[in-house]
Amino acid sequence: MPHGPVRWPLVYFDCHTTEQAGWTVVAVVGELDLASVPGVRSSVVAATQNRKPPYVVLDLAGVEFIDSMGLGVVVGARKRVYAVGGELRVVVATERVQRVFALSGLDTLLPLFKSLAEALVPPTGGVGDGA
Amino acid sequence: MPHGPVRWPLVYFDCHTTEQAGWTVVAVVGELDLASVPGVRSSVVAATQNRKPPYVVLDLAGVEFIDSMGLGVVVGARKRVYAVGGELRVVVATERVQRVFALSGLDTLLPLFKSLAEALVPPTGGVGDGA
Amino acid sequence: MGREVLLEIPARPEYLSLARQVVAAAAALEPSFRAERIDDLRVAVSEATTNAIESHLDRGSDERIVIRCNLADDRIEVEVFDRGAGFDPATASTAPSADSEDRLEHERGLGIPLMRVLTDEAEIVSDPDGTAVRLVVYTPRSPQ
Amino acid sequence: MGREVLLEIPARPEYLSLARQVVAAAAALEPSFRAERIDDLRVAVSEATTNAIESHLDRGSDERIVIRCNLADDRIEVEVFDRGAGFDPATASTAPSADSEDRLEHERGLGIPLMRVLTDEAEIVSDPDGTAVRLVVYTPRSPQ
Ligand SMILES: Nc1ncnc2c1ncn2[C@@H]1O[C@H](COP(=O)(O)OP(=O)(O)O)[C@@H](O)[C@H]1O
Ligand SMILES: Nc1ncnc2c1ncn2[C@@H]1O[C@H](COP(=O)(O)OP(=O)(O)O)[C@@H](O)[C@H]1O
């Protein structure tokens, strides 16, 4: 069965935050589900407090699996960021993750980008420097 | 947990035979266990009938998992090849597979090579051309 | 012999991934399933198992979640059983329909709708002693 | 709540990989296990499960193989149960000792010795109604 090598399955998840081109980038790698959403949620909270208004990119290019708990954390991040006048962008690179956004009708409601490079163009209102 | 990306687990196994530098190379990729040994066994039988005496390399560099059923097929291959005056070499590249050979005491009894290149030097008795 | 796999896991979030893996691996044994369809099933199973785990956590229950995975030539059927407090599927709070702007206000309630669109059949039976969710995906060649 | 996972699989070779995956994934939830030790357990579980599957195939039995995987802070314990015809572990035909040239004559009988060296404890209980194999691997910090 030609499906690529077997790796033994381990819970894999990582979330780290960087500053890039005026954006706070929260990059998520691995599986985004009930087990891992708390980590993403706290990274988003931290990113939102980082700068006012917050310009946040949620980079899901490295996400191998997402379910409705993962979608929920994205919706929650958007609410949180917009509540304080910021902007949130979401990078969705794989078809598998894109499909879950689409089937939930969120693909047209959220600003999805195919790559981090595309998401890093200046925010709609211009990148603030904290002023 | 920093253990690399998750892939969903699929039964993965492939076995193909080529002629290289006077050797019949049976290359195995994937998991070598009760489920996959029949495929390797029949490739070895074919390789043994290919040329007399048979010079066979069993290339396990791509094997991700091996248990005693896999070891058994290697021992069986050696018997079969030596019975008709041929030579069998085995390529074991990963530590994981090497460990299973070592713990069974077979690492010193079988001619193990770390790479296909090393295994492809001329056979002890010189490569025959079928004569 | 049937091709039925039974899995019981602790009602803890970290076992979700294991449940998905087992179902995906069991489904992969039927060569006629396309990889994309198995991915769909993985998500649906994740939704059902997430809800099951949460129902036990809500109740403080120590019992395990049971997942039964039945592979037939024409379909794969996955059942997820919990012993939580149950709910009424007809009135469960689900997010507003996909084309409503309002949907962006809802972080929860996305699971059951997703489960339904990802499978060919999704049936929920619930009472105050627990819930059973049955998910079915047909192989490409069989009638849907 | 305990961290016990229960898996039942059809007695067919193609489900071996699934059994190994489940045990490895369950073991990986205890961060103190080194990856190499989990690999050892994978092989040991494969040996026990191979024998269990073969015992059912020999008997033409339709019953599933049961694998119980219990994760504690200081150890992981895996039990494999079959309902095959059983055997006498003391007199089972195993390959000659590792340093004997004779070993190269034996394609079978390598499993039980390997199972024993790969685990910290390996116990086999067998009667004509079936066999239970218990495999234990300790975490690095606990006394062995
Ligand atoms: N197995 C279950 N046991 C008890 N309640 C459940 C179960 N599954 C779903 N529910 C209820 O239905 C609601 C909607 O579920 P779902 O659409 O999956 O979204 P979410 O889980 O994000 O809330 C849940 O919030 C819960 O109240
Ligand atoms: N679960 C079992 N049920 C019945 N017989 C068994 C079982 N496990 C092992 N045996 C017997 O013990 C023998 C040795 O087993 P093992 O060392 O694993 O090598 P192998 O399986 O390659 O023969 C088997 O051939 C079989 O006769």
Side-chain angles (χ1 to χ4, degrees), chain A residues 1-13 30-41 44-45 58 63-83 88 90 94-112, chain C residues 9 11-22 24-25 27-54 57 94-119:
Chain A
M1 280 168 246
H3 287 288
V6 171
R7 311 181 75 119
W8 40 281
L10 286 165
V11 178
Y12 181 58
F13 171 73
E31 301 193 311
L32 197 40
D33 65 4
L34 181 67
S36 55
V37 286
V40 180
R41 204 176 283 126
V44 167
V45 169
L58 200 47
V63 169
E64 311 235 345
F65 176 87
I66 193 168
D67 62 16
S68 72
M69 287 292 150
L71 297 178
V73 91
V74 177
V75 169
R78 183 192 169 277
K79 275 206 285 192
R80 182 176 291 272
V81 167
Y82 279 67
L88 177 89
V90 184
T94 60
E95 220 174 295
R96 201 185 289 195
V97 173
Q98 163 69 30
R99 179 166 165 81
V100 178
F101 274 91
L103 289 174
S104 303
L106 291 170
D107 57 337
T108 55
L109 299 173
L110 288 167
L112 303 189
Chain C
I9 53 167
R12 299 177 168 210
E14 63 264 36
Y15 286 88
L16 251 182
S17 181
L18 181 59
R20 293 193 298 260
Q21 283 162 24
V22 167
L29 291 170
E30 175 50 52
S32 60
F33 279 115
R34 285 176 300 115
E36 304 77 52
R37 209 63 188 121
I38 296 180
D39 281 336
D40 287 350
L41 184 64
R42 272 162 60 81
V43 177
V45 167
S46 196
E47 300 301 345
T49 310
T50 295
N51 288 342
I53 290 172
E54 289 194 314
L57 292 178
T94 49
S97 74
D99 48 4
S100 158
E101 181 77 27
D102 228 32
R103 167 155 283 205
L104 284 179
E105 295 306 312
H106 294 76
E107 295 166 46
R108 303 297 305 251
L110 298 163
I112 292 174
L114 199 53
M115 199 188 305
R116 293 197 189 281
V117 323
L118 286 167
T119 56

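Quick note on labels: first sequence line is chain A, next is B, and so on, each numbered from 1.
Heavy atoms only, all atoms of each residue included: C:Pro13 and A:Ala35 are closest at O-CB, 3.5 Å. Across C:Ser17 and A:Glu31, no two heavy atoms sit closer than the pair OG-OE1, 2.8 Å. Closest heavy-atom contact between A:Ser68 and C:Leu114: N-CD2, 4.1 Å. The two residues A:Gly72 and C:Leu110 come nearest to each other via the heavy atoms N-CD1, 4.1 Å.
Evaluation of the side-chain contact (heavy atoms from CB on, under 4.5 Å) rule for C:Thr119 yields C:Ala44, C:Ala122, C:Leu135, C:Val137 as partners, not counting sequence neighbours. Considering only residues two or more places apart in sequence or on other chains, A:Asp67 meets the salt bridge (charged side-chain N to carboxylate O under 4.0 Å, His left out) condition with none of them.
Atom OG1 in A:Thr94 sits 9.5 Å away from atom CG in C:Asp39 (nearest 0.5 Å). Distance check: A:Arg96 CZ to C:Glu36 CD gives 9.5 Å after rounding to the nearest 0.5 Å. Rounding to the nearest 0.5 Å places CD of C:Glu14 at 9.5 Å from CG of A:Leu34.
A:Ile66 touches chain C through its backbone: at least one of N, CA, C or O sits under 4.5 Å from a heavy atom, while the side chain does not.
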Quiz item: Should A:Arg99 and C:Val43 be marked as a side-chain contact (heavy atoms from CB on, under 4.5 Å) after you check the CA-CA gap, both sets of side-chain angles, and the distance that decides it?
Solution: CA-CA 11 Å; A:Arg99 179 166 165 81; C:Val43 177; over 6 Å; no
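At least one side-chain heavy atom of C:Ser46 sits less than 4.5 Å from a side-chain heavy atom of A:Phe65. A 4.5 Å side-chain heavy-atom check between C:Thr50 and A:Asp33 finds every atom pair outside the cut-off.
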